[in-house]
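The structure under discussion appears below in the form of structure tokens.
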Amino acid sequence: MQLPFSPPTRARILCLVLGAAGGFVFLLLHLPLPWMMGAMTFTTIAAVSGIRVALMPRLRMIFITVLGTMLGSAFTPQIIDHLQYWAISFLWLGLYVIVTTYVVRLYYVRVAGYDPVTAYFAAAPGGLSEMILAGSAFGGDEARISLAHGSRILVAVFVLSFGYRLFGGYAPPSGGLIVNTVPMEWIDVLWLTGAAIAGFFGARLLRLPAYALVGPMTVSAALHVFGVTASKPPGELVAVAQIVVGSMIGARFTGLPLKLVLRGILLAIGATTLLLVVAVAFGFAVAATAEMPFGSALLAFAPGGLAEMSLIALALGIDAAYVSSHHVVRIFMIVVAAPLVFRLLGHKR
């Protein structure tokens with residue numbers, strides 16, 4: 001019996017059903033970050049197997065807004081005392097972006113055989129949508145750039161989730177849910193909802209990168225830093241956000257030939273390994289000079305997406321404010337500098 005939905009609608013429903021099923025299976029297996037990892041695994045397998053699962057940009061954006069509000073709640077008045085150390089860490093981050101872009105670009109040129117334009121925008125560590133648009137505008141291969149960034153996020157989430165669990169001693173919360181220790185009143189619901197809505201539309205009006213996350217996070221952070229509210233979105237809502245974000249990672253591979261996806265993932269394993277080696281080195285440098293824990297510094301410099309790395313930080317109880325702030329700054333650096341630097345270097349060549 002066929003469901004009374006159009007094929008695109010069926011593909012969207014199937015994507016979420018597979019994502020939720022994957023999250024539940026990973027929860028039963030006591031695997032790290034179960035709701036996002038399980039959703040990502042099941043939808044990726046379905047996509048590369050030829051099963052049609054569809055991206056839902058609007059739904060993802062709604063839950064990214066929830067995630068941004070959640071991340072803002074990690075900012076407390078005590079953070080002001082640590083800003084001087086964060087400033088040192090941000091300086092290391094700028095050098096990290098330069099080093100990794102250069103190293104991974106060489107990798108994609110010499111190992112993968114990509115043309116210089118495609119290799120450059122595939123190597124830039126962040127800003128998936130922006131790098132695809134900029135790369136295609138300069139004549140790069142849009143499919144390869146997209147596959148490079150999508151596969152990098154996929155590999156990074158797997159490696160870091162299991163790595164922190166096995167070697168870092170970080171244990172996920174019971175049921176995979178982030179517990180809100182502060183009672184939530186109706187006024188808190190209104191404040192958080194207002195932060196999500198005002199932040200979303202304000203950041204979109206200003207055309208900020210990753211505005212669905214950055215805007216709500218900024219407004220929510222201001223509310224929490226100034227003591228207006230100490231509450232955060234319910235853990236169940238954040239779990240649903242993990243399912244949606246994880247499902248969308250897997251759905252990116254829909255319609256791509258299996259051979260192309262497998263090669264992209266293999267190349268991403270090599271690129272992510274290079275990125276993680278450099279991130280480890282910078283993590284030690286930050287720990288030594290900025291008095292930040294190595295575990296927090298590594299995740300802040302890790303080569304994953306803003307939403308994905310922030311979710312890992314939340315799930316593992318790592319300083320989410322520190323981690324998300326660094327990924328936001330990294331995206332700003334990449335989005336602003338990458339096209340400009342490429343244009344300047346291109347003219348010189």
Q. Can you list the steps and then say if L14 with R52 is a side-chain contact (heavy atoms from CB on, under 4.5 Å)?
A. CA-CA 8 Å; L14 181 60; R52 187 180 178 189; over 6 Å; no
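At least one donor-acceptor pair closer than 3.5 Å links the side chain of T272 to the backbone N or O of A268. Between the side chain of S247 and the main chain of L16, no donor-acceptor pair closer than 3.5 Å is present. T100 places a side-chain N or O within donor-acceptor distance of the main-chain N or O of V97, the cut-off being under 3.5 Å. With Y164 contributing its side chain and L299 its backbone, the two residues share a donor-acceptor pair below 3.5 Å. Judged by distance alone, with hydrogens and angles left aside, the side-chain atoms of Y107 form a donor-acceptor pair with the main-chain N or O of L267 at under 3.5 Å. In this structure, the side chain of S89 does not engage the main chain of Y85 through any donor-acceptor pair within 3.5 Å. A distance-only check finds a donor-acceptor pair linking the side chain of R263 to the backbone of A112 [under 3.5 Å]. Y96 places no side-chain N or O within donor-acceptor distance of the main-chain N or O of F282, the cut-off being under 3.5 Å. Judged by distance alone, the side chain of R12 and the main-chain N or O of M56 form no donor-acceptor pair under 3.5 Å. A donor-acceptor contact shorter than 3.5 Å is absent between the side chain of S220 and the backbone of A195.
Under the 4.5 Å side-chain heavy-atom criterion for grouping Ile, Leu, Val, Met, Phe, Trp and Tyr, V111 is connected to L262 within one hydrophobic cluster. No chain of hydrophobic side-chain contacts below 4.5 Å, direct or via other Ile, Leu, Val, Met, Phe, Trp or Tyr residues, connects M309 to V277.
Looking at Y120 and V109, their side chains never come closer than 4.5 Å, going by heavy atoms from C-beta outward. Contact annotation: the side chain of V157 never approaches that of L311 to less than 4.5 Å [non-hydrogen atoms, C-beta and beyond]. Here the side chains of F63 and I243 are not in contact, with every heavy-atom distance at 4.5 Å or above. Counting heavy atoms from C-beta outward, T43 and I249 have side chains that stay 4.5 Å or more apart. At least one side-chain heavy atom of P125 sits under 4.5 Å from a side-chain heavy atom of I334. Proximity of M217 to V328: side-chain heavy atoms (C-beta onward) are separated by under 4.5 Å at one or more points.
The side-chain hydrogen bond (donor to acceptor under 3.5 Å, both in side chains) check on T229 picks up D188, with sequence neighbours excluded.
Ring orientation note: the planes of F24 and W35 are tilted relative to one another, at an angle of 30° to 60°. The aromatic rings of H326 and W86 lie perpendicular to each other, with more than 60° between the two planes, well past the 30° mark.
When every heavy atom of V53 is checked against every heavy atom of T254, the shortest pair comes out as O-OG1, 2.6 Å.
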